[in-house]
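We count residues from 1, following the sequence as given.
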Amino acid sequence: MYQLTRLIHDHDADLHLLLHHNDVPPSLYAAPWFLTLFSSQFPLGLAVRVLDLVFLLGFDVLVPFALSLVLARRSCLLQCSGLEAVMECFKTQLTRVSSDELDDHLRRVLALDWEKQLLTYAVEYSVMHDDSFTTLQALSHESTCAGRVEPR
């Protein structure tokens, strides 16, 4: 989810701001896509093509494919105001993908090398996660030590 957020941020700042200001994290719309390889909300033909990509390139292809879908409906999303409108656009507009559009998405995903960018985001997320964990441990240790009376 973090990788998709960063890709949207890097590829379309206006769209990222819209999603951020309306409290629409990728977990609201993309979690079912990733968990079911797009089969829960998209036509079966699209899901089968995504599965082909996964077999060909691995699971890292899912995030760029999701980015392509989101960016393709940029104009619809930018017209939305509020969480409900954004989610309705994701539910109704974004899931309508013609075969020509699907071919364009596949070409876009295959044309670029996403591996380095996704790895960068994975490392970035890991560092952020580790820093917060270390900070929590330090705070926990300080509060434990502050309440303890040392024997003489």
J.: Does atom NE2 of His20 have more than 12 heavy-atom neighbours from other groups under 6.0 Å away?
T.: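 Check fails, neighbour count at 12 or below.
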J.: Applying ring pair (Phe, Tyr, Trp, His ring centres under 6.0 Å), name anything that partners Tyr29, two or more places apart in sequence or on another chain.
T.: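 So Tyr29 forms a ring pair (Phe, Tyr, Trp, His ring centres under 6.0 Å) with Trp33, Phe90.
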J.: Could you give all pairs that pass the salt bridge (charged side-chain N to carboxylate O under 4.0 Å, His left out) test and reach residues 23-47, with sequence neighbours left out?
T.: none
J.: List in chain and number order the residues that pass disulfide (SG to SG under 2.5 Å) with Cys80, two or more places apart in sequence or in another chain; answer none if no residue qualifies.
T.: none
J.: Going from CG on Leu46 to OG1 on Thr95, what distance comes out if it is rounded to the nearest 0.5 angstrom?
T.: 10.0 Å
J.: Is a donor on one side and an acceptor on the other found under 3.5 Å between the side chain of Thr36 and the backbone of Ser40?
T.: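 Yes, Thr36 side chain to Ser40 backbone: donor-acceptor pair under 3.5 Å.
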J.: Would you please name every residue forming a side-chain hydrogen bond (donor to acceptor under 3.5 Å, both in side chains) with Tyr121, sequence neighbours left out?
T.: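 With sequence neighbours excluded, Tyr121 shows a side-chain hydrogen bond (donor to acceptor under 3.5 Å, both in side chains) to Asp10, Gln117, given in chain and number order.
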J.: What's the separation between atom CZ in Arg49 and atom CG in Leu37, rounded to the nearest 0.5 Å?
T.: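 Between Arg49 CZ and Leu37 CG, I get 15.5 Å after rounding to 0.5 Å.
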J.: Applying disulfide (SG to SG under 2.5 Å), which residue pairs with at least one partner in residues 26-77 are found, sequence neighbours left out?
T.: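 Only Cys76-Cys89 qualify under disulfide (SG to SG under 2.5 Å).
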J.: When you look at Ile8 and Leu4, which way does the side-chain contact (heavy atoms from CB on, under 4.5 Å) test go after all the steps?
T.: CA-CA 6 Å; Ile8 292 171; Leu4 182 56; 4.1 Å; yes
J.: In chain order, what residues pass the ring pair (Phe, Tyr, Trp, His ring centres under 6.0 Å) check against His21, with sequence neighbours excluded?
T.: none
J.: Quick check for you: to the nearest 0.5 Å, what is the distance between Thr92 atom OG1 and Met87 atom CE?
T.: 11.0 Å
J.: Flag the pair Phe42 / Leu69 as yes when at least one side-chain heavy-atom distance between them is below 4.5 Å, and no otherwise.
T.: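 Phe42 vs Leu69: side chains touch.
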J.: Glu88: which residues meet the salt bridge (charged side-chain N to carboxylate O under 4.0 Å, His left out) condition with it, sequence neighbours left out?
T.: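 With neighbours one apart ignored, the set is empty.
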J.: Provide the full list of salt bridge (charged side-chain N to carboxylate O under 4.0 Å, His left out) pairs with a residue in residues 51-79, sequence neighbours left out, each pair given once.
T.: Asp12-Arg74, Asp14-Arg74, Arg73-Glu101
J.: Working to the nearest 0.5 angstrom, can you tell me the gap between Gln79 CD and Ser81 OG?
T.: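 Going from the CD atom of Gln79 to the OG atom of Ser81 covers 10.5 Å.
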J.: Looking at CG of Leu51 and CG of Leu56, how far apart are the two atoms once the value is rounded to the nearest 0.5 Å?
T.: 11.5 Å
J.: Can we call the ring centroids of Phe65 and Phe38 under 6.0 Å apart?
T.: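 Distance test on ring centres: under 6.0 Å, yes.
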J.: Within this structure, what is the CG-CG distance for the pair Leu53 and Leu62, rounded to the nearest 0.5 Å?
T.: 8.5 Å
J.: Running the 4.5 Å side-chain criterion over Ile, Leu, Val, Met, Phe, Trp and Tyr, what cluster does Val48 land in, apart from itself?
T.: Leu44
J.: Can you run down the salt bridge (charged side-chain N to carboxylate O under 4.0 Å, His left out) pairs that involve residues 114-127, sequence neighbours left out, and say none if there aren't any?
T.: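 Salt bridge (charged side-chain N to carboxylate O under 4.0 Å, His left out) check on residues 114-127 returns Arg6-Glu124.
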J.: Find out whether Leu7 and Leu118 are in side-chain contact, i.e. whether some heavy atom of one side chain is under 4.5 Å from a heavy atom of the other.
T.: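 In contact.
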J.: For Ser68, enumerate each residue passing the side-chain hydrogen bond (donor to acceptor under 3.5 Å, both in side chains) test, keeping only those at least two apart in sequence or located in another chain.
T.: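 Testing Ser68 for side-chain hydrogen bond (donor to acceptor under 3.5 Å, both in side chains), a comparison that skips the adjacent residues, returns His105, Arg108.
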J.: Not counting sequence neighbours, which residues clear ring pair (Phe, Tyr, Trp, His ring centres under 6.0 Å) with His16? List them please.
T.: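 Here the qualifying residues are His9.
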J.: Nearest heavy-atom pair of Leu77 and Leu15: which atoms, and what distance?
T.: CB-CD1, 3.7 Å
